[in-house]
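Heads up, the thing below is written out as structure tokens.
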Amino acid sequence: MKRLIFLGPPGAGKGTQASVVAKGGDIAHISTGDILRAAVASQTELGKQADAFMSRGDLVPDELVLGLVKERLQQPDAQKGWILDGFPRNAAQAEALDQLLQGIGQSPDFAVNFDVPDEVLVQRLLSRGRKDDTEEVIRHRLTVYREKTAPLIDFYQSRQKLVSVDGNADVEQVNQHLTSLIS
Ligand code: ADP
């Protein structure tokens, strides 16, 4: 369980589970959303370019995200393993990740799909209250997820890397199921 891709809609609980699993396994938790939000907050060049896309709930352009993932995967703490949380998010990113990993002689062990009904997602995100968590932006993020990200479920299934968890259970149950699948 050293190299994992967490797939799933916004609000599915990927970030929560990724933190726990990464800590337990002493591997890097790489959340592109967190990295981008930090860049926006500190107004780096990356942050300035990403801000408008994120506020609308659109994907940030691939080249911006790919650069940061490439850099992050090369850092020392990622050498023991990693969880990619929120990346890849479309077919082009998945292809680019393949190339990138091939170049460094790595491959993912599993892609974990977090399955949660839409109405549960909307309620969870509304109660979270992040800047991009207004109902309109949430609905748009879900549409973007269905159009761009959900097809990656088949992509990893066809490579026999896919496992699925019911993300609508409580945090502890999801964690137990996840751990049993990936260990
Ligand atoms: P959520 O899963 O709740 O939507 P994230 O923190 O994963 O939250 O992402 C928040 C926003 O950051 C996304 O709506 C998108 O604008 C941007 N983002 C994060 N990861 C990516 C990515 N891999 N490619 C493009 N944009 C991304």
Side-chain angles (χ1 to χ4, degrees), residues 3-22 28-73 78 82-101 108 111-153 155-156 164-165 167-168 171 174 178:
R3 299 186 186 116
L4 305 169
I5 294 166
F6 280 10
L7 288 175
K14 302 184 296 289
T16 304
Q17 296 296 333
S19 296
V20 176
V21 174
H29 173 192
I30 303 177
S31 160
T32 45
D34 285 351
I35 296 170
L36 289 168
R37 274 185 292 280
V40 172
S42 52
Q43 298 196 314
T44 63
E45 200 45 49
L46 170 66
K48 284 184 200 155
Q49 292 181 46
D51 196 6
F53 295 96
M54 296 176 74
S55 307
R56 289 195 300 266
D58 281 324
L59 296 183
V60 170
D62 292 342
E63 59 271 21
L64 298 182
V65 178
L66 284 169
L68 74 85
V69 170
K70 185 171 184 188
E71 206 175 289
R72 187 67 187 83
L73 282 172
W82 39 257
I83 298 175
L84 285 172
D85 165 13
F87 177 91
R89 242 178 165 95
N90 60 26
Q93 291 182 9
E95 300 284 356
L97 176 63
D98 262 9
Q99 294 292 318
L100 179 59
L101 291 177
V112 182
N113 178 43
F114 288 72
D115 212 8
V116 183
D118 273 13
E119 284 320 305
V120 175
L121 297 172
V122 174
Q123 287 316 312
R124 282 187 186 177
L125 292 167
L126 281 174
S127 65
R128 188 168 74 178
R130 208 170 67 194
K131 180 176 151 222
D132 58 346
D133 283 342
T134 62
E135 179 146 8
E136 194 191 347
V137 175
I138 289 168
R139 299 235 176 243
H140 185 61
R141 298 211 319 269
L142 286 171
T143 303
V144 170
Y145 167 77
R146 268 192 295 272
E147 282 176 8
K148 309 243 162 102
T149 314
L152 299 185
I153 296 171
F155 178 91
Y156 289 107
S164 267
V165 293
N168 197 20
V171 173
V174 177
L178 181 58

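It should be emphasised that the depicted structure is a prediction, and the values quoted were computed from it without experimental measurement. Just follow the structure's listing: the first ligand is 1, and inside any ligand the first atom is 1.
Using a 4.0 Å cut-off to heavy atoms of P10, the atoms of ligand 1 that qualify are 1 (P), 2 (O), 3 (O), 4 (O). Within ligand 1, counting atoms from 1 as listed, the ones closer than 4.0 Å to a heavy atom of K14 are 2 (O).
Contact annotation: for R128 versus ligand 1, heavy atoms closer than 4.0 Å belong to the side chain alone. Under 4.0 angstrom from ligand 1, the non-hydrogen atoms of L36 all belong to its side chain. Under 4.0 angstrom from ligand 1, the non-hydrogen atoms of D58 all belong to its backbone.
Among all protein heavy atoms, the one lying closest to atom 20 (N) of ligand 1 is T32 OG1, 2.8 Å. The nearest heavy-atom contact from the protein to atom 14 (O) of ligand 1 is R141 CD, 3.3 Å. The closest protein non-hydrogen atom to atom 26 (N) of ligand 1 is V60 N, 3.0 Å. Shortest contact from atom 12 (O) of ligand 1 to any protein heavy atom: M54 CE, 3.4 Å. For atom 13 (C) of ligand 1, the closest non-hydrogen atom on the protein side is R89 NH2, 3.8 Å. R130 NH2, 3.3 Å is the protein heavy atom nearest to atom 8 (O) of ligand 1. For atom 24 (N) of ligand 1, the closest heavy atom belonging to the protein is Q93 NE2, 2.9 Å.
Because its NZ or CZ atom is both nearer than 6.0 Å to the ring centre of F53 and within 45° of the ring axis, R56 counts as a cation-pi partner of that residue.
Put simply, no part of K148 is less than 4.0 Å from ligand 1, judged by heavy atoms. Residue R56 places every heavy atom at 4.0 Å or more from ligand 1.
Polar contact with ligand 1: present for G86 (N/O pair, distance under 3.5 Å). Not one N or O of D132 is nearer than 3.5 Å to an N or O of ligand 1, by distance alone. For ligand 1, none of its N or O atoms has an N or O atom of D34 under 3.5 Å away. For a threshold of 3.5 Å applied to N or O pairs, the pair formed by S31 and ligand 1 contains no separation below that value.
In this structure, NE2 in H140 is found 11.0 Å from OG1 in T134, a value given to the nearest 0.5 Å. In this structure, the separation between CG on L84 and CG on L73 is 5.5 Å, given to the nearest 0.5 Å.
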Can you list the steps and then say if K131 with D51 is a salt bridge (Lys or Arg N to Asp or Glu O under 4.0 Å)?
CA-CA 11 Å; K131 180 176 151 222; D51 196 6; 3.3 Å; yes
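With salt bridges taken as basic N to acidic carboxylate O contacts below 4.0 Å, none links D118 and R139.
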